[in-house]
Amino acid sequence: MKIRVLFVCLGNICRSPMAEGILRRLVAGRGLKQNFEIDSAGLSSWHAGDPADPRTRQVLETHSADFLHVARQVKAADCGRYDYIFAMDRENYRELRRLCPEGEARKLRMVLEPLGGGEVPDPYYEDQEVFEQTYTMLERALRVWLDEVAPHAG
Ligand code: 4NP
């Protein structure tokens, strides 16, 4: 059975597409592409239809993790579809708790939980270097998470 993963941030142009690109690359590197469905979405509709932020694309390209992304807003039906729904920060988490029915609340996670917790700060008003740091942080967390779930994939 496929493991369905959704990353959620505010705009769906910086952090969550970055996490999506990272996990896609990690999964492909382990030959597990068929075992995962990976997507991302934003709590706002501000950037719906847009590609990822150029700074996110730059970082993803540097790490050969670029993919075609079109931003979209998260919807209540996503709570049912996905097995893991990762929030970048506590505000994302709170809003997802409001969006998703109580029965789906166990699917909601903080993306840095595998590293002991914390938040991925919004890099939108920061420079390229912060985007690179965001990549490093997300990749570390997602490697740990993938080590845990990969044996159950397929
Ligand atoms: P993201 O970053 O939530 O990581 O995609 C942001 C992107 C856009 C805005 C805020 C955060 N914005 O205010 O438009």
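Here, residue 1 is the first one in the sequence, and each next residue gets the next number. One-based numbering, in listed order, for ligands and for the atoms of each.
Each salt bridge (Lys or Arg N to Asp or Glu O under 4.0 Å) pair with one or both residues in residues 9-22, not counting sequence neighbours, appears once here: Arg15-Asp89, Glu20-Arg24.
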Present, as a list of atom pairs with distances to 0.1 Å, all nitrogen or oxygen contacts under 3.5 Å between ligand 1 and the protein.
unit_1, atom_1, unit_2, atom_2, d
ligand 1, 2 (O), Asp122, OD1, 3.3
ligand 1, 3 (O), Leu10, N, 2.9
ligand 1, 3 (O), Gly11, N, 2.8
ligand 1, 3 (O), Arg15, NH2, 3.0
ligand 1, 4 (O), Arg15, N, 2.9
ligand 1, 4 (O), Arg15, NE, 2.8
ligand 1, 5 (O), Gly11, N, 3.4
ligand 1, 5 (O), Asn12, N, 3.2
ligand 1, 5 (O), Ile13, N, 3.1
ligand 1, 5 (O), Cys14, N, 2.9
ligand 1, 14 (O), His47, NE2, 2.8

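Qualifying side chain to side chain contact (heavy atoms under 4.5 Å, CB included) partners for Pro151, counting only residues two or more places apart in sequence or in other chains: none. Under the ring-ring contact (aromatic ring centres under 6.0 Å, His included) criterion, Tyr135 pairs with His63, sequence neighbours left out.
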Inset, instruction - Could you please spell out the steps behind the salt bridge (Lys or Arg N to Asp or Glu O under 4.0 Å) verdict for Asp147 and Arg30? - result: CA-CA 10 Å; Asp147 285 343; Arg30 296 185 192 203; 2.9 Å; yes
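In plain terms, the two heavy atoms of Gln58 and Gln128 that are nearest each other are CG-NE2, 3.3 Å.
Put simply, the side chain of Ile3 does not reach to within 4.5 Å of the side chain of Asn35, judged on heavy atoms.
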